[in-house]
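Here is the naming used below: chain letters follow the sequence lines, and residue numbers restart at 1 for every chain.
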Amino acid sequence: MSIRTRFAPSPTGYLHIGGVRTALFNWLFAKGRGGQFILRIDDTDAQRNVEEALAPILHGLKWVGLEWDEGPEVGGPCGPYYQSQRLDRYQAAVRHLLECGAAYRDFATPDELQAEREAAQAAGRPFVYSRRWRAETEADADRLKAQGRQGVVRLLMPREGQFVLHDLIRGEVRIDWASEQDHVIQRADGSCLYHLATVVDDHDMRISHVIRAEEHLSNTARQVFMFERLGYSLPQFGHLPYVAEPGSKTKLSKRKLEKYLKNRDFAQLMEHGQSIARRLGLVVTADTFNPVIVDFYEQVGYLPDALVNYLLLLGWSLDDKTEDFTREEMLRHFSLERVNKAPASFDCEKLLAFQTRSMQRLPLKQRVALVVPFLRQAGLVTTPPPCETAPYVSRILEAAGDRVKVAGDILDFDDFFRPDSALVFDEPTLDKRLRKPAGARALLEKYRDALAQVEPFEPSRLESLTHSFVEENGIKIGDIVHAVRVAITGKAVGFGLFDTLAILGQQRSLARIARALEITA
RNA sequence: GGCCCCGUCGUCUAGCGGUCUAGGACACCGGCCUUUCACGCCGGUAACACGGGUUCGAGUCCCGUCGGGGUCACCA
């Protein structure tokens, strides 16, 4: 029998980082074993704009390269893949459950239920529904309906005994049937609830392995109960530990951004992202720009492979040393047996380390292609880019080395893309390197004159020129280098000065020095 | 609170009874390199939650305690 896994998000409008990891593990497990990965939409809640709320999720999955074999957009033999379109299947299942005595019609009102709950709590015992408004016969039902009551369908859960779940990740888990309430599976209006829908769909879609987050572990009893009473064969279950908050073991949540910002690394990540977003002119809100959401990383310029590699190691490992995996290697090595049981907290510093490495490994040409859209978005390069853009950016990227960790970091080197006359100077640095030190300006003038003679204008020539300049004038190299840097880039830090000069070229370098001298005069 | 799950450096983890005076990675600290920054190189600090067993021998098995988390909806 073929291995089939699924990822079943509900259309919430964003793709959670923990969700991607769940999807990744499902995808790896199925695709690494010649199986299928199915995407199903849990929209039993039937909200209005499913398509709109779904788009970011589909987009995010595609961005990280988790393509689905069956599901929205691609279809498949077990469709439809939207739960909102499968109501007839659920209703048939409810009928079956009712007929075989595994479910019953219940006419309790929410208030009555609440009263029972409170009474139980007051008495200090766990709440167990009395089944007082259960209709055992049609006559019962008619009588209760005549009182104006609305009927729902509940599962008739066993109140004794237990079952053993052979969880692929957690091993044997014993669960008392009675630990589950008589869960509602169908509302008075005929609509069905998630747990019923999942069971029916997992069966209809021939899901062989249900790999999902740990929070579903305690729901498994009622689902197993339905599988059995519906006469379906049971899939295998594997419950993943969830992705936890930075520096804690609590489940990572999109809504706790404020709290996470107190974590130094997380705050740094956010600040890094925001500074890029600002220069990109993006309108950011906590809803769209949040490191808990996958979209954040795309906007800032992370490589999807780096994110995936990091996420893979969050709860899974191959051995005691291997950290870098290509997609093929992941597929070959991934196994549920090596998934950890304890939650793993999200560490953005480590993610950045993976990102930095991925970026360095990326061929220069691809790095250029990655970075140009950011320059365009920031208005530093016209659309479409002139044909000399690629070689120019390529030289900058080469000289920048790993200073460009995420694509958006290219914006740190905006000075290369601004006209000489529009260069913005960092005032404190101007003071420190040009205005304050005695003779700094005169030295710079002298250096400029020497620069005007250099031919060809290349890093090695510039370097030897500088060294002899330093010697002739009896100064230290730092005395001239910093002044030149701020003059031609406007900044205190940047990459190698000779590379910078060469990239800018003789004319522009001289023009910038002239302007800096003018400004500081 | 009931039920369930989990517990090795700050973080991610290796460890499936002896080779563990516990290994790797990220972070951190110190040094080197150096025209700044980044990188790189060298070195360092740092963990088996606790208590009982079992065993010749326990990070590894069992029990308890403590701690952390999840879940208890006509949400998914």
Nucleotide C72(B), atom P - distance to NE2 of H183(A) in whole Å: 8 Å
Distance, P atom - from C32(B) to A38(B), rounded to whole angstrom: 16 Å
Mate of A22(B) where both pairing distances stay under 3.5 Å, Watson-Crick or G-U: none
Per V152(A) side chain, nearest of listed nucleotides C74(B), A76(B), G24(B): C74(B)
P-based separation of G64(B) from G70(B) [nearest Å]: 24 Å
Side-chain donor/acceptor of K341(A) to base of C6(B), under 3.5 Å: no
Sugar-phosphate, base or nothing in reach of R433(A), heavy atoms under 4.0 Å: nothing
Base of A76(B) and ring of H216(A) stacked, centres under 5.5 Å, planes under 30°: yes
Touch class at under 4.0 angstrom, heavy-atom based, for P110(A) against every strand present: base
Separation of the P atoms in G67(B) and A49(B), to the nearest angstrom: 15 Å
Between G10(B) (P) and K262(A) (NZ): distance, integer Å: 22 Å
For C41(B), the Watson-Crick or wobble counterpart (both distances under 3.5 Å): G31(B)
Closest to the D347(A) side chain, choosing from A25(B), G10(B), G68(B): G10(B)
Ring pair (Phe, Tyr, Trp, His ring centres under 6.0 Å) between W133(A) and Y104(A), intermediate numbers included: CA-CA 10 Å; W133(A) 288 277; Y104(A) 62 93; over 10 Å; no
Euclidean distance, atom CZ of residue F237(A) to atom C1' of C5(B) [Å, nearest integer]: 17 Å
Atom-pair distance (CD1 on I185(A); P on A76(B)), nearest Å: 13 Å
P gap between G52(B) and C74(B), integer Å: 47 Å
Any K321(A) side-chain N or O less than 4.0 Å from OP1/OP2 of U13(B): no
Touch class at under 4.0 angstrom, heavy-atom based, for K491(A) against every strand present: nothing
A46(B) and C3(B), which share atom name C1', separated by this distance in whole Å: 37 Å
Any S345(A) side-chain N or O less than 4.0 Å from OP1/OP2 of C12(B): yes
Sugar-phosphate, base or nothing in reach of A108(A), heavy atoms under 4.0 Å: base
Check against side chain to side chain contact (heavy atoms under 4.5 Å, CB included), Y297(A) and I17(A): CA-CA 10 Å; Y297(A) 301 94; I17(A) 204 93; 3.6 Å; yes
From A25(B), A14(B), A27(B), nucleotide with atom closest to R357(A) side chain: A25(B)
Face-on cation placement of R125(A) at F127(A) ring, 6.0 Å and 45° thresholds: no
Residues D189(A) and S191(A): side-chain donor-acceptor under 3.5 angstrom: yes
Counter-base of C3(B), judged by Watson-Crick or G-U geometry with both distances under 3.5 Å: G70(B)
Whether F498(A) and H467(A) hold their rings parallel, tilted or perpendicular, with breakpoints at 30° and 60°: tilted
side-chain hydrogen bond (donor to acceptor under 3.5 Å, both in side chains) evaluation trace for D176(A) with Q162(A): CA-CA 4 Å; D176(A) 292 332; Q162(A) 59 176 199; 3.0 Å; yes
Beyond-backbone contact of F107(A) with K145(A), side-chain heavy atoms, under 4.5 angstrom: yes
Of the listed nucleotides G7(B), U36(B), C26(B), the one nearest the side chain of A342(A): G7(B)
Option among H166(A), R212(A), R170(A) that satisfies the side-chain contact (heavy atoms from CB on, under 4.5 Å) test with F237(A): R212(A)
C1' spacing across the pair A25(B) / G1(B), given as an integer number of angstrom: 41 Å
Sugar-phosphate, base or nothing in reach of K251(A), heavy atoms under 4.0 Å: sugar-phosphate
Nearest-nucleotide 5' precedence on RNA chain B, R21(A) against P9(A): R21(A)
Phosphate OP1/OP2 of G15(B): any R338(A) side-chain N/O under 4.0 Å: yes
Rounded distance in Å between the C1' positions of C6(B) and U45(B): 28 Å
Sugar-phosphate only, base, or nothing, as touched by D319(A) at under 4.0 Å among non-hydrogen atoms: sugar-phosphate
side-chain N/O R187(A) vs C75(B) OP1/OP2, d < 4.0 Å: yes
Rounded distance in Å between the C1' positions of C48(B) and C9(B): 10 Å
Listed nucleotide nearest any side-chain atom of S10(A), set A76(B), C12(B), U35(B): A76(B)
Interatomic distance where CG belongs to N219(A) and C1' belongs to A76(B) [whole Å]: 9 Å
Heavy-atom neighbours of R435(A) CZ exceed 12 at 6.0 Å: yes
R170(A) or K350(A), whichever maps to the more 5' nucleotide of RNA chain B: R170(A)
Side-chain N or O of R125(A) closer than 4.0 Å to phosphate OP1/OP2 of G2(B): no
Proximity to the side chain of V493(A) - top-ranked nucleotide from C5(B), C37(B), C39(B): C37(B)
Touch class at under 4.0 angstrom, heavy-atom based, for G496(A) against every strand present: base
Donor/acceptor link under 3.5 angstrom from R403(A) side chain onto base of C37(B): yes
Parallel, tilted or perpendicular, as decided by the 30° and 60° cut-offs, for the rings of F495(A) and F416(A): parallel
Sugar-phosphate only, base, or nothing, as touched by G478(A) at under 4.0 Å among non-hydrogen atoms: nothing
Selected nucleotide, minimal atom distance to L314(A) side chain, candidates A76(B), C12(B), A14(B): C12(B)
Gap between atoms CZ and P, on F498(A) and U34(B) respectively (whole Å): 13 Å
Atom pair distance, as rounded to whole Å: CZ in F354(A) and P in A27(B): 11 Å
Sugar-phosphate only, base, or nothing, as touched by L217(A) at under 4.0 Å among non-hydrogen atoms: sugar-phosphate
Sugar-phosphate only, base, or nothing, as touched by H239(A) at under 4.0 Å among non-hydrogen atoms: nothing
S218(A) side-chain N/O to C72(B) phosphate OP1/OP2 under 4.0 Å: no
Base paired to G51(B) (Watson-Crick or G-U; both N/O distances under 3.5 angstrom): C63(B)
Sugar-phosphate, base or nothing in reach of V404(A), heavy atoms under 4.0 Å: nothing
Euclidean distance, atom OH of residue Y310(A) to atom P of U11(B) [Å, nearest integer]: 12 Å
